[in-house]
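Each remark here refers to the structure printed beneath this line.
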Amino acid sequence: MTQLDALDFALLKALAQDATRSAGALGRALGLSQPAAWRRIRRLQDAGIIAGRKLDLDKEKLGFGVTVFLGVKLAAKGRVSLEDFERAVSAIPEVQTVEHVLGMYDYRLRVTARDISDFERVLRRRIMTLPGAGNVEANVLLSEERRPGPLG
């Protein structure tokens, strides 16, 4: 396991705020040379601590104004049923995240749609026809507060 020091945490925090910053800019902000910052980033990537960098798109500006969280209870449980459901639900483009959870539901899905009628179409024609799909509970996202993550 990789030991992290205060500079590693500061670097991770800076990257979490803006992953597009160059190693040179990060180094200047943290009092490191560009090569030293680059080596630290590379070490964190090699250790799997930095698993990738994501592009944050504005869904509303792209025409997707509705986000719905679905709790899905599978009708039939079993290893094959879980795998079949996960494979099928992951192929639906409107499903942004698939989380296997413990509790009242088996899965939590984040679904984006153009509007409520588009969401209804996705729900009826795609999600409710999935293998093993049983009870579904929908919660429409009204607003979202962005949190910086575990590094503060």
Side-chain angles (χ1 to χ4, degrees), residues 1-23 26 29-30 37 40-152:
M1 182 170 171
T2 302
Q3 294 290 338
L4 302 180
D5 61 20
L7 274 174
D8 290 325
F9 282 110
L11 183 60
L12 290 169
K13 185 176 179 181
L15 282 170
Q17 291 171 351
D18 182 2
T20 65
R21 293 173 70 184
S22 68
L26 290 165
L30 299 173
R40 282 180 179 265
I41 292 168
R42 188 69 174 163
R43 182 174 52 83
L44 293 166
Q45 288 173 331
D46 290 346
I49 295 167
I50 297 175
R53 299 178 192 196
K54 296 179 181 176
L55 183 63
D56 190 17
L57 301 174
D58 187 321
K59 292 175 188 74
E60 286 188 34
K61 289 181 181 174
L62 291 169
F64 294 92
V66 174
T67 298
V68 180
F69 295 99
L70 290 180
V72 179
K73 183 84 169 159
L74 298 183
K77 288 189 180 176
R79 198 73 200 138
V80 173
S81 181
L82 292 176
E83 291 168 0
D84 289 346
F85 179 83
E86 288 173 9
R87 186 174 18 264
V89 77
S90 296
I92 300 171
E94 292 87 354
V95 175
Q96 301 298 299
T97 60
V98 178
E99 300 169 334
H100 189 202
V101 296
L102 182 64
M104 185 180 299
Y105 295 97
D106 297 308
Y107 287 92
R108 182 174 177 256
L109 311 178
R110 183 181 182 122
V111 180
T112 53
R114 297 195 181 283
D115 51 33
I116 291 294
S117 61
D118 185 38
F119 167 72
E120 183 181 11
R121 178 191 57 79
V122 171
L123 179 64
R124 286 179 182 233
R125 295 185 185 167
R126 295 189 174 173
I127 295 171
M128 294 307 295
T129 62
L130 292 173
N135 295 336
V136 174
E137 178 180 280
N139 293 288
V140 176
L141 177 68
L142 299 177
S143 66
E144 183 173 36
E145 177 185 339
R146 296 284 178 147
R147 303 288 300 155
L151 298 177

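Values below: all heavy atoms of this structure, side chains included; hydrogens, waters and symmetry mates excluded.
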For G65 against E60, the heavy-atom pair lying closest together: CA-CG, 4.1 Å
Side chain to side chain contact (heavy atoms under 4.5 Å, CB included) partners of L102, counting only residues at least two apart: none
Steps toward side chain to side chain contact (heavy atoms under 4.5 Å, CB included) verdict (I92, L109): CA-CA 11 Å; I92 300 171; L109 311 178; over 6 Å; no
Side chain proximity check, E94 to V68, heavy atoms < 4.5 angstrom: no
pair I49-D8: side-chain heavy atoms closer than 4.5 Å: no
R121 side, atom CZ; I127 side, atom CD1 - distance, nearest 0.5 Å: 10.0 Å
Contacts of A29 that satisfy side chain to side chain contact (heavy atoms under 4.5 Å, CB included) - sequence neighbours left out: R21
For Q45, all residues meeting side chain to side chain contact (heavy atoms under 4.5 Å, CB included), sequence neighbours excluded: I41, R42, I50, R53
Worked check of side chain to side chain contact (heavy atoms under 4.5 Å, CB included) between L4 and L44: CA-CA 9 Å; L4 302 180; L44 293 166; 3.5 Å; yes
Heavy-atom pair of closest approach, residues D5 and R40: OD1-NH1, 3.0 Å
Atom pair CD/CZ of Q3 and R43 - distance to nearest 0.5 Å: 9.5 Å
Atom of S90, atom of E86 and distance for their closest heavy-atom approach: OG-O, 2.7 Å
Contact check, side chains of L70 and V95, non-hydrogen atoms, under 4.5 Å: no
Contacts of type ring-ring contact (aromatic ring centres under 6.0 Å, His included), residue Y107, not counting sequence neighbours: F85, H100
Qualifying residues under salt bridge (charged side-chain N to carboxylate O under 4.0 Å, His left out), relative to R110, sequence neighbours excluded: E144
Euclidean distance, R125 CZ relative to E120 CD, rounded to 0.5 Å: 9.5 Å
Donor-acceptor contact present, side-chain D84 to main-chain P131, <3.5 Å: no
Gap separating the CG atom of L26 from the CG atom of L15, nearest 0.5 angstrom: 5.0 Å
Closest non-hydrogen atom pair between L62 and R114, with its separation: O-NH1, 3.8 Å
Non-neighbouring partners of D115 that pass side chain to side chain contact (heavy atoms under 4.5 Å, CB included), sequence neighbours left out: S117, D118
